[in-house]
Amino acid sequence: MRSVIMGNHALSYGAKLSRAQVIAAYPITPQTEVVELLSQLCANGDMKAKFIKVESEHSAMAASMGASATGARAFTATSSQGLALMHEVLHWAAGARLPIVMGNINRAFGPPWSIWTEQNDSIAQRDTGWLQIYASSNQEVLDSIIQSYKVAEKISLPIMVILDAFVLSHTYEVVDIPEQSIVDKYLPPLEMEYKLDWKNPHAFGGLTKPDWYYELRYQIEEAQEQAKKLIVDTGKEFKEMFGREYGLVEEYKMDDAEIVLISSSTIASTLHVVIDELREQGKKVGLLRIRVFRPFPSEELRKILKGRKKVAVIDRNISFGHEGAFFTETKAALFNEKDHPPIFGFIAGLGGRDVTPDVLKDIFNIVETTEWPEKDIYWIGVKL
Amino acid sequence: MRSVIMGNHALSYGAKLSRAQVIAAYPITPQTEVVELLSQLCANGDMKAKFIKVESEHSAMAASMGASATGARAFTATSSQGLALMHEVLHWAAGARLPIVMGNINRAFGPPWSIWTEQNDSIAQRDTGWLQIYASSNQEVLDSIIQSYKVAEKISLPIMVILDAFVLSHTYEVVDIPEQSIVDKYLPPLEMEYKLDWKNPHAFGGLTKPDWYYELRYQIEEAQEQAKKLIVDTGKEFKEMFGREYGLVEEYKMDDAEIVLISSSTIASTLHVVIDELREQGKKVGLLRIRVFRPFPSEELRKILKGRKKVAVIDRNISFGHEGAFFTETKAALFNEKDHPPIFGFIAGLGGRDVTPDVLKDIFNIVETTEWPEKDIYWIGVKL
Amino acid sequence: MKLSIPEREIMSPGHLACQGCGAALAMRYVLKSLGKRVIYSVPACCWSVIDGPFPYSSIGVPLFHTAFETAAAVASGIKAGLEIQNDEETRVVAWAGDGGTFDIGLQALSGAAERNDDFIYVCYDNEAYMNTGIQRSSATPWGAWTTTTPVKHFKKERKKNIVEILAAHRIPYIATASIAYPEDLIKKVEKIKTIKGTKFLHIISPCPPGWKSPPELSVKLAKLAVQSKIFPIFEIENGIKYKINIHVKKPVSVKEYLKPQGRFKHLTDQDIEHIQQDADAYYEWLLKQEELSNE
Amino acid sequence: MKLSIPEREIMSPGHLACQGCGAALAMRYVLKSLGKRVIYSVPACCWSVIDGPFPYSSIGVPLFHTAFETAAAVASGIKAGLEIQNDEETRVVAWAGDGGTFDIGLQALSGAAERNDDFIYVCYDNEAYMNTGIQRSSATPWGAWTTTTPVKHFKKERKKNIVEILAAHRIPYIATASIAYPEDLIKKVEKIKTIKGTKFLHIISPCPPGWKSPPELSVKLAKLAVQSKIFPIFEIENGIKYKINIHVKKPVSVKEYLKPQGRFKHLTDQDIEHIQQDADAYYEWLLKQEELSNE
Amino acid sequence: MADEKEIKWTGVKDMPPMAVSLGSMRVNKTGNWRNLRPVIDYEKCIYCFICWKFCPEPSIDIEAAQISERVDKKPVINLNYCKGCGICAEECPVKCIEMVKEEI
Amino acid sequence: MADEKEIKWTGVKDMPPMAVSLGSMRVNKTGNWRNLRPVIDYEKCIYCFICWKFCPEPSIDIEAAQISERVDKKPVINLNYCKGCGICAEECPVKCIEMVKEEI
Amino acid sequence: MIEIRFHGRGGQGTVVASKALAEAIALEDRYVQTFPEYGVERRGAPVMAYTRIDNKPIYIRSKVYTPNYVIVMDPTLIGAVDVAVGLKSGGSIIINTEKRPEDYKNFIDKGYKVYTIDATSIAIKHRLGSKASPIVNTAMLGAVAAYTGLVGLNAVVEGVRKLSPVKKDENVMAAKEAYKIAEEVKNG
Amino acid sequence: MIEIRFHGRGGQGTVVASKALAEAIALEDRYVQTFPEYGVERRGAPVMAYTRIDNKPIYIRSKVYTPNYVIVMDPTLIGAVDVAVGLKSGGSIIINTEKRPEDYKNFIDKGYKVYTIDATSIAIKHRLGSKASPIVNTAMLGAVAAYTGLVGLNAVVEGVRKLSPVKKDENVMAAKEAYKIAEEVKNG
Ligand SMILES: Cc1ncc(C[n+]2csc(CCOP(=O)(O)OP(=O)(O)O)c2C)c(N)n1
Ligand SMILES: Cc1ncc(C[n+]2csc(CCOP(=O)(O)OP(=O)(O)O)c2C)c(N)n1
Ligand code: SF4
Ligand code: SF4
Ligand code: SF4
Ligand code: SF4
Ligand code: SF4
Ligand code: SF4
Ligand SMILES: [Mg+2]
Ligand SMILES: [Mg+2]
């Protein structure tokens, strides 16, 4: 069904269509509409789910873990401070191998208080063991939730679907809301090998000495590795059933591109427009959108970027004392390639500073006219 | 005074000598001795400080922020789950530009429960804006606390001094505890330009729209950048007064080294022994210990690693879905060098798995005998 | 000509509260009494916005904006920081909404209360998460609509009794107050100024958008809350000595209080009766406690 | 031959509790009554270790080890997960120490209590953070030594009254119990099994290393705690109906209770008198509440 | 008024290093939020200052004015800030404040 | 006993994917923690099972034994697990349990 | 691509108006994007919302700086904010006011088209909101549809019906009435 | 470098013993490192600690796998754990026991030196701990110093004094007594 919905409602409908069974969530701007719609859907009986109105995000994730550990499908959503407050339990959920799916709205951290978009909140969770999908349209938000359950439940790891505050969360646009029956075919009910079941009692997460802890960690890494293929495969399957395909990355006008602009989320969306314009001017430029940041698609990047002339990565985040996270990790991926293009690193749009086509064209100009990166990091649009 | 003390007490004495004024801390294995000693020192009047016995680490950091914002010197210490629970307020402390100093004992995250060493806890805070110093001896732990206040208070950012669980925290070894009077000369009382002062009232951290948030973030990055020089300079000054020098990195037998082993913390300590052995066998190998991970010493690494044949980075941490953090960031630092050595990435010692000289020699052997990295990441010693 | 409350204004106009905001009035009164030698710790709540965007402020005294859960812990830290620098006089206030007090900030508050840290905790209670757009908090009263307790499934749990929870902590002073009774409120703050340890002040603060009530009725509603026994005005010393400050002699029915508020408009007479009984019973219980205290 | 408590053992030996651990006994009793159709949520505490290292367990029923603050929230999640899968029968237990209950886990517990989520919260109280080596918690009684309340500055705050805090939440059932009175304890668990909503059971559980007491005295101390009125045994229904289950007719002096415990050995007679008075006063207060409940 | 000054800077080089307030919200003339304007009928006014007491902004000033022997002050609405909530009108015991529609 | 089995695997390929318990702590013979051993004097024993009731391990088994007409069971210390805490001896109403020094 | 900016006051339903327009556009199988200028929305304080309309998918995600149309939901805003900023040359301003276009000489002088509609009266007439704060968004929408021709009346009616939680009929009638008036103005 | 492993039981002060030895070594201006095998330390459960001694700074941070000396604080451990594992050939085992070295034939057969000391009796004599759980660490330390010659009596005495929170004199006396006995055994 074609509907005009906001990004937040795309999350809610994604959860509904995935038949999430337990929702434990706490309100925060700009996520509140997710929670509000879900509590209405639950109250009206439009969704067969328990909504736990927890007293904090920490408990939201903890309750999600409890529910998931019993074999129920758990969903939550948060943003910024709320995500940060979950940090400890995010590690827990991944370590416990629970296939929870969560929506996160990218919002800048305080202080100072800001409610606008920036990726620092989710980037700071890159080491938690969660998979991360950065969506760049409301349609992708909805579809990614459904796909995420499919992937998460196969590899027993939790997944975060991420969208920009306001720029997606509060933007209304046309979204095709698929039929429940087809989603049911795509996404079978959850089955878990090990779960909290009195008939088959296990203790989960007991003290593990140095003799086996390392092997358990290795298995998480293996599962992440496995996820790469799974995301591509389930994305293809999704296309067959719903007509839309999602993979680890999105390529746009990349065939003969010499200069590649890499970004994510809505900056990558706007880049389409910029690339079109630049192409019209005869520039050989292409867009590579990193959709999945965890697991990081190193292999794909190496393949796609092989032989390009120059690459620029535009980060809407900053790891203070270093640089943007997509920039760092892209370089790391290509490092041991015998011959690789230089990669320029740009920071843009922190704290909701608008990233306009003009800003992006400025970036392209710098890359085009600079032989080799002259700075470790370019801050675009900062008032000095 | 030459004393045999454990790493945890080195933290406590560091805080005492720095004349920390407010301590808010919460116990956790393997940090408890820090708290216990400090509460005794406060109770006995050996330290003029207020000890707030908070009800969680979250509040430990929050109370530290409150104290620091009034211009008092604040200290705390934690580990693992406790550090993770602070995550939101870690971001807060950095965003508020508060010069708090904290000890963190590197301990593996649950689940499963583990109390043994691993860097995932602190690595997961790499994006918070905190500076991070990884110590490799108890002496360095103590000295780093003193140095950290000096640096933190100049750049208005908080610093974390990090040590390995048990391997340092519970290891007793000889430490020179300097005279209070000399420390006082090195570290003058804290003066803050903006603080909570009723005579000069300001609101801190108020809502900041996209018009200026970006510039505030940029200033944090600037301060981190500034810290690099400051750490080197204050390290030199420290040497003049105390005879021991600390910088961003430590080099050992690097002059003619062709193969460079990079690591941190106690693995780097053990590497000294291994390098000595290998040198005796005629291998041109050196050690580069990364002491300061935030700000990341990219410039130094580029200089030091220029022209080397091969480099290996040994991480006692893993960013799931990617690789070890020191490995990633080292590669990122060298990426745009026109000609750089290949860098091998190793994971070792997660969850307290002992990293023996033999393990480290295995790593050297792989690097020596492998032309070019054959895997994205080598897991050493995992039982498959 | 004599004013019934201090003339001095510490808080300035130009702030960002909605028309008719009870929380703004609460702040205005408390500051009138406290004066300028005070430092505020303010977690996420409407007041994080009301005070104004960087680089402006309306509160007129030092304010540390802090994370949602941390009002009390930051206040403990501020107090310790002042004391170790030999400033025993400056007062510290943790100023939080009901969400930041009853829910996400409860633990830090309880911890500070157990340590009996020396500051004033003020909870302005608008009975929901208003800053994020009217979601249920545990201070939301039974029967109320919020965006997360939709009309079809309005809040079915009793308002958490924060005052009793704090009484269990045996802190030296706890009081309730209403923006409709500024004289009483200010008298309490004056008293608080003389007490060492953790003090708790619970102020009912109507919120036009959140209560779906006309802005001009904010003061009226705060009065009706008291006169209908929905929000009794009393104080507790050391967790055990109760004193009702505004004895409700001729109570109005709770219906009168509920009616102007859109958030209650779905309630049936039966529902309202339920609320009436609960209010009466609690007031009875308070009277008994007061009696017991005087024994 | 009849045993006074159920013969079945769900918990197995081989676990990692210290010699004479009260917490182990508490678990043994509760499981005897609950049986196997139960799921535990256990935060960081001695029991995270006692149960045994991967891949072993001693508790005999499903157990989710969880982060220190989360016992109650995880239990809420487990219950919801079971219910939505149409399992209404399996009971859920949050099992936490005093630190995980009074301090870092209080907020999650309060949240669950306000929602009246349907599970049993058991706090085994050894009056300090024992798993980390005896640090002060807010359950540590006045006067006690711990490693963070050194003899020179022993704990100067009263033990936080968790039972009153929960009573303020008006949950359906709250009870105290002692490992020295397993029959009473088990009777309470049996009662709990019949009640829907949040139930809270507070078990005093001596800890030889933490109390610096000989391991063989654990049961004795748990009895003396009751008989000296330090730890009265009672229950509260719906937060208001009090009933004392073990009336102390001939109380022993608190001194008798304190003496075998190294953690109190620094106390002066005056200090002990202070403790005596506090215990007596609280017991009196309880009697009054009981009376009031019967009115 | 001094603290009504707008604060301006060009960028990083002249702004503070953190989000610290340097001026008063008096710069923010919330009078433009108003769609109803309170108008006091001083004829009826009894100078009880209840309106002043309950204004949440506060945007009722107490100004010197010799009204009578005992009354030397009067309440004056500060239209720069008054948001038009209507509380003053509602609470005025003699109902001498009228809320009139704001004109452009 | 079946659940006393030690669980062994070689590595990632045959171990579970998460830290899930697969066996009982009965594998852990805590008898070796003991330095004092409880010895029941069955002559004095009145078969009240108070010792059993208060053992925290529990390491006192109730075993079939026809002691008298009414008593068909007796308490038996399970030395595989008994940690020697001494509670049984302390609580035994007739003091018929003695704690003796453990020998190698 | 057509870009629109809405000016309103917090609590007046400005965002709802932009959403209803978007629904209407979507019903006609075109692409549309609409989003608020998100600040601190307080009742009475000035707010904005943006809309983009196109025949192909819309990728651009930045704000609207140079709209083709500006819609002013409350006439008192015209003093308070610069509603014409960035408006494309030749663009249109549609104002809820009792006044007539000629009264906005400064806009006309800059070459903008000015349309007016007394949406407040229409809203009050249909009992939408209170007299003190009428809810004008549906009436405005009807007028916008007519003045701009961006979307047909049927779609507007459907969009309004979908988004009005209560008083669906009244809202539809208001939209229709405004549409009719505006069409007459435009044609006549 | 000399490496030592201590075997004890939780609550017996094994770590304290290793610390006191380290203090003594440090007093003699050498380098030393000592650390427990950190597990779940429960009263009664077997525990271990390690010590390294060298004349130059000690960089190695891994565990001790092949000690030169093994010190057994509680004789009942010998049945419970393999105390000789990894012990360097020709290494020594020092056991707190009433027995005599000859009683540990299996160790001797493997080429290890065995020394015994009845530290328990010495501790009890000096009222260190209770009869049921005597605190033997200082007595053991005295014996270790004498048997190994790693450190002089004076340093041991100072180390013990520094680390004993109470009963300093008794502890020192216990250490001295054990030292004397051990020296006699060794020399005689
Ligand atoms: C950790 C965290 N979670 C959620 C939020 C979002 N948030 C900000 S204010 C607020 C509601 C505050 O409610 P209350 O304390 O009652 O104050 P009010 O807004 O009603 O004045 C919420 C949920 C946040 N800032 N931080
Ligand atoms: C967030 C966090 N902080 C601290 C710890 C360390 N920790 C583990 S158990 C424990 C003490 C538990 O005390 P209590 O709940 O009383 O249980 P007990 O150990 O006494 O049985 C502490 C402080 C932790 N695991 N997680
Ligand atoms: S939402 Fe309510 S509490 Fe918040 S500013 Fe508006 S009126 Fe005040
Ligand atoms: S420390 Fe205390 S509570 Fe913990 S296992 Fe030992 S005796 Fe039991
Ligand atoms: S209308 Fe409201 S804001 Fe204006 S003066 Fe009256 S009370 Fe104050
Ligand atoms: S409330 Fe009314 S009577 Fe009193 S001063 Fe104000 S306007 Fe005058
Ligand atoms: S000594 Fe303790 S562990 Fe052993 S049987 Fe008796 S009570 Fe049980
Ligand atoms: S307690 Fe004593 S008398 Fe009773 S059964 Fe045990 S040994 Fe026998
Ligand atoms: Mg509120
Ligand atoms: Mg405890």
Side-chain angles (χ1 to χ4, degrees), chain A residues 81 84-85 87-88 91-92 94-96 108-114 116 120 123-124 126-129 131 204-208 210 213-218 220-221 224 294-296 298 318-322 328-329 331-332 335-336 342-343 350-354 372-373 376 379 381-383, chain B residues 81 84-85 87-88 91-92 94-96 108-114 116 120 123-124 126-129 131 204-208 210 213-218 220-221 224 294-296 298 318-322 328-329 331-332 335-336 342-343 350-354 372-373 376 379 381-383:
Chain A
Q81 309 294 135
L85 184 55
H87 185 74
E88 184 195 5
H91 285 278
W92 205 276
F109 277 136
W113 283 121
S114 164
W116 294 276
N120 272 24
I123 285 303
R126 59 173 148 164
D127 302 323
T128 56
L131 281 74
F204 290 82
L207 188 75
T208 301
Y213 186 96
Y214 194 36
E215 282 66 30
L216 291 170
R217 273 1 198 188
Y218 179 79
I220 297 180
E221 186 65 10
Q224 287 264 7
R294 281 289 175 277
F296 193 75
S298 302
I318 170 74
S319 180
F320 297 112
H322 199 210
T328 304
E329 305 207 356
K331 288 189 292 178
F335 187 87
N336 284 327
I343 305 187
L350 299 188
R353 180 74 47 91
D354 200 11
W372 203 264
D376 273 3
W379 287 69
V382 107
K383 294 176 234 168
Chain B
Q81 309 295 135
L85 184 55
H87 184 76
E88 184 195 6
H91 286 278
W92 205 275
F109 276 135
W113 284 121
S114 164
W116 293 276
N120 272 27
I123 285 303
R126 59 174 147 164
D127 302 324
T128 57
L131 282 74
F204 290 82
L207 188 75
T208 300
Y213 186 95
Y214 193 36
E215 282 66 29
L216 291 170
R217 276 353 198 193
Y218 179 78
I220 297 181
E221 186 66 7
Q224 287 264 6
R294 279 288 175 279
F296 194 75
S298 302
I318 170 75
S319 180
F320 297 112
H322 198 210
T328 303
E329 304 206 356
K331 288 188 292 178
F335 187 87
N336 284 327
I343 305 187
L350 299 188
R353 178 77 45 94
D354 200 10
W372 203 263
D376 273 2
W379 287 70
V382 109
K383 293 176 236 170

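So that the names make sense, note that chain A is the first sequence line, chain B the second, and so on, each numbered from 1.
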Heavy-atom pairs under 4.5 Å with chain A - which of [options] has more of them than the others?
options                      : result
B/Phe335, B/Trp113, B/Trp372 : B/Phe335
B/Ala332, B/Gly95, B/Ala94   : B/Ala332
B/Phe296, B/Trp379, B/Phe204 : B/Trp379

Under the 3.5 angstrom rule, does the side chain of [X] hit a backbone N or O of [Y] as a donor-acceptor pair?
X        : Y        : result
A/Gln224 : A/Gly129 : yes
A/Arg294 : B/His322 : no
B/Arg353 : B/Gly381 : yes

* Asked: Parallel under 30°, tilted from 30 to 60°, perpendicular over 60°: which one fits the rings of A/Phe109 and B/His91?
  -> tilted
* **Partner set under side-chain contact (heavy atoms from CB on, under 4.5 Å) for B/Ser114, not counting sequence neighbours** => A/Tyr213, B/Ala108, B/Trp116
* **Residue list, side-chain contact (heavy atoms from CB on, under 4.5 Å) with B/Pro373, at least two apart or on another chain** => A/Asn336, B/Pro342, B/Phe344
* Asked: Given that the side chain runs from C-beta out, which part of A/Ile123 has a heavy atom under 4.5 Å from chain B: side chain, backbone, both or neither?
  -> both
* To do: Check each atom of A/Thr208 against the heavy atoms of chain B and say whether the ones under 4.5 Å are side chain, backbone, both or neither.
  => both
* Asked: Among A/Leu131, A/Asp127, A/Asp376, who wins on heavy-atom pairs under 4.5 Å with chain B?
  -> A/Asp127
* Which of A/Gly205, A/Gly352, A/Pro295 touches chain B most, by non-hydrogen pairs under 4.5 Å -> A/Gly205
For [X], is it the side chain, the backbone, both or neither that has a heavy atom under 4.5 Å from a heavy atom of chain A?
X        : answer
B/Leu216 : side chain
B/Asp354 : neither
B/Ser298 : side chain
B/Trp92  : both

* With a 4.5 Å heavy-atom cut-off, do A/Asn120 and A/Phe320 have their side chains touching? -> yes
